[in-house]
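Order of the sequence lines sets the chain letters (A, B, ...), proteins ahead of strands, with each chain counted from 1.
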Amino acid sequence: MKIKQLDRYIFEIEKDGKIGMKVPGIIYADQSMLEDILNEGSANQVVNAATLPGIKKASIAMPDIHYGYGLPIGGVVATDVKEGVITPGGVGFDINCGVRLIKFDLGKDEIKTDLKDVAKHLYNNIPCGVGEGGNIKLKKKELKNVLKKGSYWAVEEGYGNENDLLNTESSGKLDEANPDIVSNKAYERGYDQLGTLGSGNHFLELGYVEEIFLEDIAKEWGLFKGQLTLLIHSGSRGLGHQICSDFLDVFEKALKKYQIDVPDKQLACAPVLSPEGQEYLAALSCAANFAWANRQILQSLAINTLADILKVKVKNLNPSLLYDVAHNIVKFEKFEIDGEEKLLAVHRKGATRSLPRGSELLPTHYKNTGQPVIIPGDMGRYSYILVGGDKAPVRSFNSACHGAGRVLSRHKAIKMAQNRNIATELKQEGIIVISRGKKTLKEEMPDAYKDVSKVVEIVDYLDIAKKVAKLKPLCVIKG
DNA sequence: ATGTCC
């Protein structure tokens, strides 16, 4: 492939019509990241995605790009709704994996309880781990309501308030959801998994604001130095995973039916407006709604647990959701393409929506600032709060990175970690980590990830999203 | 990410 450097942090993979590329590839990264990206094969996945029917402008990769199923994690692909395709490989297995940030009216130095006890209490109260169920057990009729209503269901059931809905992407509900499309197998996996964290890179983290970069915006958003924060990263658990699996079969058959040629079967796709495309959209929306209800319930569990162990009233903590963003999703958004407004299916696969100030998709209270973009790093370093940048519409279909991005695969990380005790190492840094799975901490150790500061620096430089504040972890709960 | 293979 031919790669041209267009700017300090912009690399273009030239469009090669002979291999079916319909648009060029664009990778936002620095020189050293680019080398890793080329070596591990995810640049090739960017090229593959550029062949998808109806793709507009470019097949885009964020600086946290790494190898994934079909499209790389950190990939953004926008297809024309009328003449383009939709692909489960462009969304991922964990549909609406995402992250939310809750801020408190409490400084970390005001905490009198031993952090170890706080971590233990959180760990004991937040169901987590592979395949683990929680305390909420639903019948089919009720789970259907969750799939239809998303965060609204959680709020109706007392796990949150109107303010939470206002501060969740799409208000925590996609209207395209049709619970009748979801397989019984997916339902079976969902009955007891609402309000559970899961495993892998999912986590619940108590931290604090260590540094502020944009004072005005931080002030407007109610952020202050030393402030206690809660970060929750989870998704649609087994239910979403099953929905993705169910549709991979459907889309493989669709390739033949619609005579679509893709270089990688993992990019199996169908026209957005085909029955297959529409059914996937209806099912994906159910999984997305489940994930939003899940994070809303986790938020409520964590806040109550925290108030309990700190021996303060919830109302005195004054918890408030800054924002909840989706990482793995398709959204229908309007963009100007060749001077014409088009409705596009924006696939974000390990990418966060990043709406600039003035966007009509923003709730009124964020219209002047732009959208809070929450970027978790790794459990030993830091996380960032950014704000949607003015160049996001032209550079990335209003998308930013979603995290640090892996440098080691899960397998390699476990191998590299050998007999290291990651929890002990982090404790020496003043971070309490409790994990349910034995392997999880090795898979998720800080060395397995890029330095999120470098990743964030690139989207900041490109004005895709601007740095507002940096968070430091205090205690982390993992599955 | 995931009842880490139906």
What is the separation between atom [atom1] on [X] and atom [atom2] on [N], rounded to the nearest whole Å?
{"X": "A:Q242", "N": "B:dT2", "atom1": "CD", "atom2": "P", "answer": "13 Å"}
{"X": "A:L248", "N": "B:dC5", "atom1": "CG", "atom2": "C1'", "answer": "15 Å"}
{"X": "A:I414", "N": "B:dT4", "atom1": "CD1", "atom2": "C1'", "answer": "10 Å"}
{"X": "A:R436", "N": "B:dT2", "atom1": "CZ", "atom2": "C1'", "answer": "16 Å"}
{"X": "A:E444", "N": "B:dT4", "atom1": "CD", "atom2": "P", "answer": "18 Å"}
{"X": "A:F93", "N": "B:dT2", "atom1": "CZ", "atom2": "P", "answer": "12 Å"}
{"X": "A:K442", "N": "B:dT4", "atom1": "NZ", "atom2": "C1'", "answer": "17 Å"}
{"X": "A:D94", "N": "B:dT4", "atom1": "CG", "atom2": "C1'", "answer": "14 Å"}

- Would a line drawn from the ring center of A:Y28 to the ring center of A:Y9 be shorter than 6.0 Å? no
- Message: Can you pull out the residues from residues 288-301 of chain A that lie within a 4.0 Å heavy-atom distance of DNA chain B?
- Response: none
- May I ask you to list the residues of residues 191-199 of chain A, by number, that have any heavy atom positioned under 4.0 Å from an atom of DNA chain B? A:Q193, A:G198, A:S199
- Query: Do A:Q299 and A:Y159 get their side chains close enough for a donor-acceptor pair, meaning under 3.5 Å?
  - Reply: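 A:Q299 vs A:Y159: no donor-acceptor pair found between side chains.
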- Classify the nucleic acid contact of A:G235 as base, sugar-phosphate or nothing, counting any heavy atom under 4.0 Å across all strands shown. nothing
- Task: Scan A:R237 against the nucleic acid and name what it touches under 4.0 Å (heavy atoms): base, sugar-phosphate only, or nothing.
- Result: sugar-phosphate
salt_bridge([X], [Y]) N-O dist < 4.0 Å:
{"X": "A:K265", "Y": "A:E252", "result": "no"}
{"X": "A:E276", "Y": "A:K253", "result": "no"}
{"X": "A:R348", "Y": "A:E333", "result": "yes"}
{"X": "A:D451", "Y": "A:K454", "result": "no"}
{"X": "A:E444", "Y": "A:R406", "result": "yes"}

- Query: Looking at A:V85, A:L71, A:I86, which hits side chain to side chain contact (heavy atoms under 4.5 Å, CB included) with A:L52?
  - Reply: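 Single pass found, and it is A:V85.
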- Query: Residues two or more places apart in sequence or in another chain: which of them pass salt bridge (Lys or Arg N to Asp or Glu O under 4.0 Å) with A:K472?
  - Reply: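 For A:K472, no residue satisfies salt bridge (Lys or Arg N to Asp or Glu O under 4.0 Å) once neighbours in sequence are set aside.
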